[in-house]
Amino acid sequence: MATIKQNTPNAHTRILGIGAYRPSEIVTNDDVCQWIESSDEWIVKRTGIHTRHRAPAGVSVAQMAEHAAREAMEAAGITGEQLDTVIVSSVSFPYLTPSLAARLADALGATPAAAYDISAACAGYCYGIAQADALVRSGDSQYVLVIGAEKLSDVIDNSERSISFLLGDGAGAVVIGPSDVPGISPSVWGSDGSKWDAIRMTHPLTDIRTVERGGQRTFSRDLVDPETGEMPEDATLWPTLRQDGQTVFRWATWEGARVAKEALEASGLEPEDLAAFVPHQANMRIIDQMAKVLKLPESVIVARDIAEAGNTSAASIPLATHRLLAEHPELSGKPSLQIGFGAGLVYGAQVVLLP
């Protein structure tokens, strides 16, 4: 009987290059306080955030992702033709289908690379790293582009105070490829769907389509005033993000820290072996608590990009890593523990050698 042929695997993988994009518009806490009743002092004390970047109307999540991707590819010395797979994590791409990844693969000259999107919110980048690592080690791909990109300003309501004031826009990207030495540890990833609605949209997209009339649902578009073009007052508006802050905070500081510990153990390293710690930039108090629970020595540099960038969901870890390397180039080639966690609730963590 004939034998099925399989790809020749690669023994090891690593991050070969990193790129980032930060929008030019900066929103301060004083700006936020025009929309909600709060103060710069309260926001800094409770979250550690001073500013966040927001993309103007003419800048799309696709444009930000492409900019970050091109920088990562240049840093890795990889052309679009060499990419075998493009993976994008985003919760703010305004199309359910087709994927942002397919659009980017074409724009980057990577056609016919495999291309798909991930919906894993703030853990999406770490999910992408896990998949890219597996693809390259299996031999199914030689080079994989992983992007976390968000235009969260499209899915927030500035007048609510559960999550919107925390959020910013931006994109980060890395290229994963073969390595002579281990550069990505086994990933620890998973979910806890019992807290599915801890971070959520206000309502499903289907609610936008119809309005209740006479005991039945009628398409909203059929109720538009032909003279003014206005929708009926009870038509459902665009869904926006909400969160149960205390639920997320408690989960992240204890369960999230446990996941980070497991990832460190899976890597075979001890806390003192780390050079950096890059958690999802959700809240400065969460970051500090995680570092405390992990008993990280002072020699480990902890990423605190949230102070300037806010919470950028899937983009937060690559953005924070990019800043960390710009400020501390001596970290290149050294191990960093990264963990993402967010809506689902979902989580993912691994140790990587910094590019």
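For clarity, every value in this text was computed on a predicted model and none was experimentally measured. Nothing fancy with the numbering, it's 1 onward along the sequence.
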| Neighbour count >12 (heavy atoms, 6.0 Å) for atom CD, Glu327 | yes
| query | Do you know which two heavy atoms are closest between Ala20 and His322, and how far apart they sit? | reply | CB-CG, 3.5 Å
| field | Ser316 side-chain N/O to Thr312 backbone N/O, donor-acceptor pair under 3.5 Å | value | no
| Atom pair OG (Ser313) and NE2 (His280), whose distance is rounded to the nearest 0.5 Å | 6.0 Å
| request: Indicate whether the side chain of Asn283 and that of Thr47 have a donor and an acceptor atom separated by less than 3.5 Å. | output: no
| request: Taking all heavy atoms of Pro279 and all of Ala303, pick out the closest pair and write down the distance. | output: CD-O, 4.3 Å
| message | If you compare all heavy atoms of Ala315 against all heavy atoms of Gly148, which two are closest, and at what distance to 0.1 Å? | response | CB-O, 3.3 Å
| field | Results of salt bridge (Lys or Arg N to Asp or Glu O under 4.0 Å) for Arg304 - residues two or more places apart only | value | Asp288
| field | From CA spacing to verdict: side-chain contact (heavy atoms from CB on, under 4.5 Å), Asn29, Arg52 | value | CA-CA 9 Å; Asn29 289 340; Arg52 69 286 288 147; 2.9 Å; yes
| query | Is the backbone of Gln289 close enough, under 3.5 Å, to the side chain of Thr253 for a donor and an acceptor to pair up by distance? | reply | no
| field | Distance, nearest 0.5 Å, that separates CE of Met290 from NZ of Lys261 | value | 11.5 Å
| message | Could you tell me if Ser141 and Thr85 have a donor-acceptor pair between their side chains, going purely by distance under 3.5 Å? | response | yes
| query | So, Thr240 versus Arg242: side-chain donor-acceptor pair below 3.5 Å or not? | reply | yes
| request: Would you confirm whether Asp106, through its side chain, and Arg103, through its main-chain N or O, come within 3.5 Å as a donor-acceptor pair? | output: no
| query | Could you go step by step and tell me if Thr321 and Tyr125 meet the side-chain contact (heavy atoms from CB on, under 4.5 Å) rule? | reply | CA-CA 12 Å; Thr321 302; Tyr125 172 75; 5.6 Å; no
| Is the count of non-hydrogen atoms from other residues, nucleotides or ligands lying under 6.0 Å from Gln34 atom CD greater than 12? | yes
| message | Show, in sequence, the C-alpha distance, side-chain angles and deciding distance for Ile199 and Ile163, and conclude whether the side-chain contact (heavy atoms from CB on, under 4.5 Å) test is met. | response | CA-CA 9 Å; Ile199 306 171; Ile163 192 170; 4.2 Å; yes
| query | Are a donor atom and an acceptor atom from the side chains of Tyr116 and Gln131 found within less than 3.5 Å of each other? | reply | yes
| said: Let me confirm one number: the CD-CG distance from Gln243 to Asp197, rounded to the nearest 0.5 Å. | reply: 12.0 Å
| Pair Asp305 + Arg22, salt bridge at N-O below 4.0 Å | yes
| ring pair (Phe, Tyr, Trp, His ring centres under 6.0 Å) partners of Tyr21, counting only residues at least two apart | His67
| field | Distance-only side-chain donor-acceptor flag, Asn158 / Ser164, under 3.5 Å | value | no
| Leu269-Val352 co-clustered via ILVMFWY side chain contacts under 4.5 Å | no
| task | Compute whether any side-chain donor of one residue and acceptor of the other, for Asp157 and Ser159, lie under 3.5 angstrom apart. | result | yes
| Row check, Trp42 ring normal vs Arg161 NZ/CZ: under 6.0 Å, within 45° | yes
| query | Going through the distances and angles, do Arg258 and Glu262 end up as a salt bridge (Lys or Arg N to Asp or Glu O under 4.0 Å)? | reply | CA-CA 6 Å; Arg258 177 187 60 78; Glu262 289 183 10; 2.6 Å; yes
| said: Taking Ala252's backbone N and O only, do any of them form a donor-acceptor pair with Glu255's side chain (distance below 3.5 Å, no angle check)? | reply: no
| query | Which heavy-atom pair separates Pro94 from Val61 by the least distance, and what is that distance? | reply | CD-CG1, 4.2 Å
| Polar side-chain atom of Asn311 near backbone of Leu166 as donor-acceptor pair, under 3.5 Å | no
| remark: dist Asn7:CG -> Gln142:CD (nearest 0.5 Å) comes out at 8.5 Å
| said: Please tell me whether Ile317 and Leu345 are part of a single hydrophobic cluster in this structure, the criterion being side-chain heavy atoms less than 4.5 Å apart. | reply: no
| request: State yes or no: do Leu296 and Leu324 share one hydrophobic cluster built from I, L, V, M, F, W and Y residues joined by side-chain heavy-atom distances below 4.5 Å, directly or via other members? | output: no
| field | Check: Ala62 main-chain N/O paired with Lys151 side-chain donor or acceptor under 3.5 Å | value | no
| Donor-acceptor under 3.5 Å (Asp133 side chain, Pro186 main chain) | no
| task | Please list, chain by chain and in numerical order, all residues satisfying side-chain contact (heavy atoms from CB on, under 4.5 Å) with Glu66, sequence neighbours excluded. | result | Arg70, Leu104, Ala107, Leu108
| said: If hydrophobic clusters are built by linking Ile, Leu, Val, Met, Phe, Trp and Tyr wherever their side-chain heavy atoms come under 4.5 Å apart, do Val32 and Leu152 end up in the same one? | reply: yes
| Considering all heavy atoms, the nearest Val300-Pro271 contact | CG2-O, 3.6 Å
| field | CD1-NE2 distance between Ile301 and His328, expressed to the nearest 0.5 angstrom | value | 4.0 Å
| said: Check the orientation of Tyr127 and Trp189. Use parallel for under 30°, tilted for 30 to 60°, and perpendicular for over 60°. | reply: perpendicular
Can you give each donor-acceptor pair under 3.5 Å made by side-chain atoms of residues 335-343, sequence neighbours left out, with the distance rounded to 0.1 Å?
from: Gln338; atom 1: NE2; to: Gln350; atom 2: OE1; distance (Å): 2.9

| field | From CA spacing to verdict: side-chain contact (heavy atoms from CB on, under 4.5 Å), Val44, Met284 | value | CA-CA 9 Å; Val44 171; Met284 193 72 80; over 6 Å; no
| task | Check salt bridge (Lys or Arg N to Asp or Glu O under 4.0 Å) between Lys195 and all other residues, then give those that pass, not counting sequence neighbours. | result | Asp192
| message | So His53 and Asp169, do their side chains get closer than 4.5 Å, heavy atoms only? | response | no
| For Glu272, does the CD atom have more than 12 heavy-atom neighbours from other residues, nucleotides or ligands under 6.0 Å away? | yes
| said: Do Pro56 and Glu25 make a side-chain contact, defined as non-hydrogen atoms from C-beta onward lying under 4.5 Å apart? | reply: yes
| remark: When rounded to the nearest 0.5 Å, the distance separating CD1 of Ile87 from CG of Asp117 is 10.5 Å
| Does the pair Glu308 and Arg323 meet the rule for a salt bridge (Lys or Arg N to Asp or Glu O under 4.0 Å), with working shown? | CA-CA 11 Å; Glu308 187 272 339; Arg323 179 184 292 276; 2.6 Å; yes
| task | Could you verify whether a donor N or O on one side chain and an acceptor N or O on the other, from Glu160 and Ser162, lie under 3.5 Å apart? | result | yes
| said: Between Glu41 and Ser39, is the side-chain hydrogen bond (donor to acceptor under 3.5 Å, both in side chains) condition met? List the steps. | reply: CA-CA 5 Å; Glu41 181 182 8; Ser39 67; 5.1 Å; no
Identify every side-chain donor-acceptor pair in residues 172-184 under 3.5 Å, counting partners at least two apart or on other chains, and give the distances.
from: Ser179; atom 1: OG; to: Val181; atom 2: N; distance (Å): 3.1
from: Ser179; atom 1: OG; to: Val181; atom 2: O; distance (Å): 2.6

| query | Counting N and O atoms only, with roles assigned by atom type, does the side chain of Ser185 sit under 3.5 Å from a partner on the main chain of Val351, one being a donor and the other an acceptor? | reply | yes
| said: Checking side-chain polar atoms at under 3.5 Å, does Glu150 have a donor or acceptor matched by the opposite partner on Ser90? | reply: yes
| query | Can you hop from Val146 to Val91 via hydrophobic side chains spaced under 4.5 Å? | reply | no
| task | Mind listing the closest non-hydrogen atom pair of Ala121 and Ser89 along with its distance? | result | O-OG, 3.9 Å
